[in-house]
Amino acid sequence: MRVEWGRNWQTYRREEFGRYWSDDTDAVGGRNGCDTRDDVLRRDLDELREGDRNPCVVLSGVLDDPYTGKRLAYTYRRASQIQTDHVVALGAAWRAGAYAWTAQRRLEYANDLDVLLAVDKQTNQDKGSRTADKWKPPRRAYWCEYARRYTGIKARYGLSVTPPEKTALQDMLATCPQ
């Protein structure tokens, strides 16, 4: 990965990555007829119950949140403590090179199942668009997996890391079993 300071932070707008969840991409999980958020829920929830008429719709399930270790219930059409996180946040991706991508490439990134993770809502809001040097999962046992996933996303999409971000990722990777 390229190590350099982020650029164009002042020009970031969420809309640059598409307005809503989209199935209209060639990203992992795209073009399967299901909403991206439901794809994430189907993958990440246990005790999953899907719709009878529409198996894309997740009616209920339970999330073992990787960031906190909390066990969170999900029920369709009820307020949930579960949100979908971009492991490398959209704002962070923008500063690391996504500003130069086409609109379609940004839409793919925003809806790529490999970039997304169902997590605790408050923890996701606390994270915001922070990079790995400014935020780590509160559950230390997840640091290794988080850093692996984060660096994989950055490498796959050709995104840069800042020097402090690289150090933080190395520190989290050092927690991986030998």
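Excluded from the calculations below are hydrogen atoms, water molecules and symmetry mates; all remaining heavy atoms, backbone and side chain alike, are included. Every value quoted in this text rests on a predicted model; they were computed, and no experiment measured them.
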*So how far is it from Thr11 OG1 to Tyr99 OH, rounded to the nearest 0.5 Å?*
9.0 Å
*side-chain hydrogen bond (donor to acceptor under 3.5 Å, both in side chains): which pairs involve residues 109-122, sequence neighbours left out?*
Thr36-Asn111, Asp112-Arg156, Asp112-Tyr157, Asp114-Arg156, Asp120-Thr123, Gln122-Asp126
*Please answer whether the main-chain N or O of Asn8 pairs with a side-chain N or O of Trp94 as donor and acceptor at a distance below 3.5 Å.*
yes
*asked:* Please check: side-chain N/O of Thr162 versus main-chain N/O of Trp5, any donor-acceptor pairing under 3.5 Å?
replied: no
*For residues 33-139, which residue pairs qualify under disulfide bond (SG atoms under 2.5 Å apart), counting only residues two or more places apart or in two chains?*
Cys34-Cys56
*Does a donor on one side chain and an acceptor on the other come within less than 3.5 Å for Thr68 and Asp65?*
yes
*disulfide bond (SG atoms under 2.5 Å apart) contacts in which one or both residues fall within residues 112-178, not counting sequence neighbours*: Cys144-Cys176
*Quick check: does any side chain N or O of His86 sit under 3.5 Å from a backbone N or O of Ala110, one acting as donor and the other as acceptor?*
yes
*Not counting sequence neighbours, list each pair that qualifies as a salt bridge (Lys or Arg N to Asp or Glu O under 4.0 Å) and has a residue in residues 73-98.*
Asp85-Lys127
*Got Arg139 and Tyr67 here, is their nearest side-chain heavy-atom distance under 4.5 Å?*
no
_Asp35 side chain near Asp23 side chain, heavy-atom distance below 4.5 Å_ = no
_Pairs touching residues 58-106 that satisfy disulfide bond (SG atoms under 2.5 Å apart), sequence neighbours left out_ = none
*Any side-chain donor-acceptor pair under 3.5 Å between Asp24 and Ser22?*
no
*Got a sec, which residues hit side-chain contact (heavy atoms from CB on, under 4.5 Å) with Arg71, two or more places apart in sequence or on another chain?*
Asp46, Glu47, Val62, Asp64
*Indicate yes or no for a side-chain donor-acceptor contact from Arg49 to the backbone of Leu59 under 3.5 Å, with no hydrogens or angles considered.*
no
_For a 4.5 angstrom cut-off between non-hydrogen side-chain atoms, does Leu117 reach Tyr146?_
no
_Please report the interatomic distance CG(Leu63) to CD1(Ile82), rounded to the nearest 0.5 Å._
4.5 Å
